[in-house]
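As structure tokens, the structure follows; a few thoughts come after it.
Letters A, B, ... mirror the listed sequences (proteins, then strands); counts begin at 1.
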Amino acid sequence: MKSSTGKCGPAGGDTLAERIKRVIRRIPRGRVASYGQIAALSGHPRAARTVVWILHSSSGKARLPWHRVINSRGTISLRPGCGCEEQRARLTAEGVGFDSAGRVDLRRHGWRP
DNA sequence: AGCATGACTAGGC
DNA sequence: AGCCTAGCCATGC
């Protein structure tokens with residue numbers, strides 16, 4: 001019995017947010033995943049925008065490898081001055097290489113669960 | 001209850 | 001090949 005209301009609370013629950021966070025933590029080091037991919041693995045293939053919100057909401061708080069999350073083109077979506085340089089530095093440190101166009105080779109570093 | 005925000009994505013011109 | 005538009009999902013005021 002948890003509560004008479006029937007709700008156990010979002011903690012450890014099946015909320016999309018918790019699920020998305022969980023998926024992001026599963027991204028192995030040296031690999032990157034796209035927002036849409038994470039959303040799909042969370043059960044909502046079109047909730048890429050929600051993934052964005054999660055990162056904003058937990059940016060710097062939760063221990064999420066936020067730097068391993070990029071867009072479907074393999075480029076960093078962050079705007080200059082908002083941590084995009086840090087993201088690139090972290091990925092580079094993990095062995096993820098960027099080409100002259102600032103793109104990651106998803107065929108090589110893309111996360112494939 | 002409705003509108004605005006957010007690091008998106010796919011498709012069309 | 002590059003830019004624009006519409007669609008999607010969840011939260012905050």
### Message
Please give me every residue in residues 65-80 of chain A whose heavy atoms get under 4.0 Å of an atom in DNA chain B, ordered by residue number.
### Response
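DNA chain B contact set from residues 65-80 of chain A: Trp66(A), Val69(A), Asn71(A), Ser72(A), Ser77(A), Leu78(A).
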
### Message
If you take any heavy atom closer than 4.0 Å to DNA chain B, which residues from residues 32-39 of chain A end up in contact?
### Response
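Listed by number, they are Ser34(A), Tyr35(A), Gly36(A).
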
### Gap between atom CD1 of Ile38(A) and atom CZ of Arg68(A) - 0.5 Å precision
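Reported value, rounded in 0.5 Å steps: 11.0 Å.
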
### Query
Considering residues, nucleotides and ligands other than Arg88(A), do more than 12 of their heavy atoms fall under 6.0 Å from its CZ?
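At most 12 heavy atoms, drawn from other residues, nucleotides or ligands, come within 6.0 Å of this atom.
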
### Message
Can a donor-acceptor pair be found, under 3.5 Å and without considering hydrogens, that links the side chain of Gln87(A) to the backbone of Val69(A)?
### Response
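Answer holds: yes.
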
### Query
Is the side chain of Ser58(A) donor-acceptor paired with the backbone N or O of Ile54(A) at a distance under 3.5 Å, no angle test?
yes

### Query
Among dG7(C), dA10(C), dA7(B), which nucleotide sits nearest the side chain of Arg49(A)?
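It is dG7(C).
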
Can you tell me how far [atom2] of [N] sits from [atom1] of [X], to the nearest Å?
X        : N      : atom1 : atom2 : value
Leu91(A) : dA7(B) : CG    : C1'   : 13 Å
Leu16(A) : dC8(B) : CG    : P     : 17 Å
Trp53(A) : dC8(C) : CH2   : P     : 20 Å
His44(A) : dG7(C) : NE2   : P     : 20 Å
Arg46(A) : dC8(B) : CZ    : P     : 18 Å
Leu41(A) : dC8(B) : CG    : P     : 18 Å

### Message
Check the phosphate of dA7(B) against His56(A), side-chain N and O only, distance under 4.0 Å to OP1 or OP2. Yes or no?
### Response
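Indeed, a polar side-chain atom of His56(A) lies that close.
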
### Query
With rounding to whole Å, what would you report as the distance between dC8(C) and dG12(B) at their P atoms?
15 Å

Side chain proximity check, [X] to [Y], heavy atoms < 4.5 angstrom:
X        : Y         : value
Phe98(A) : Val104(A) : yes
Val23(A) : Trp111(A) : yes
Tyr35(A) : Val52(A)  : yes

### Message
Checking side-chain polar atoms at under 3.5 Å, does Asn71(A) have a donor or acceptor matched by the opposite partner on Ser77(A)?
### Response
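Side-chain D/A pair, Asn71(A) to Ser77(A): present.
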
### Query
Can you find a side-chain donor-acceptor pair between Glu94(A) and His109(A) that sits under 3.5 Å?
no

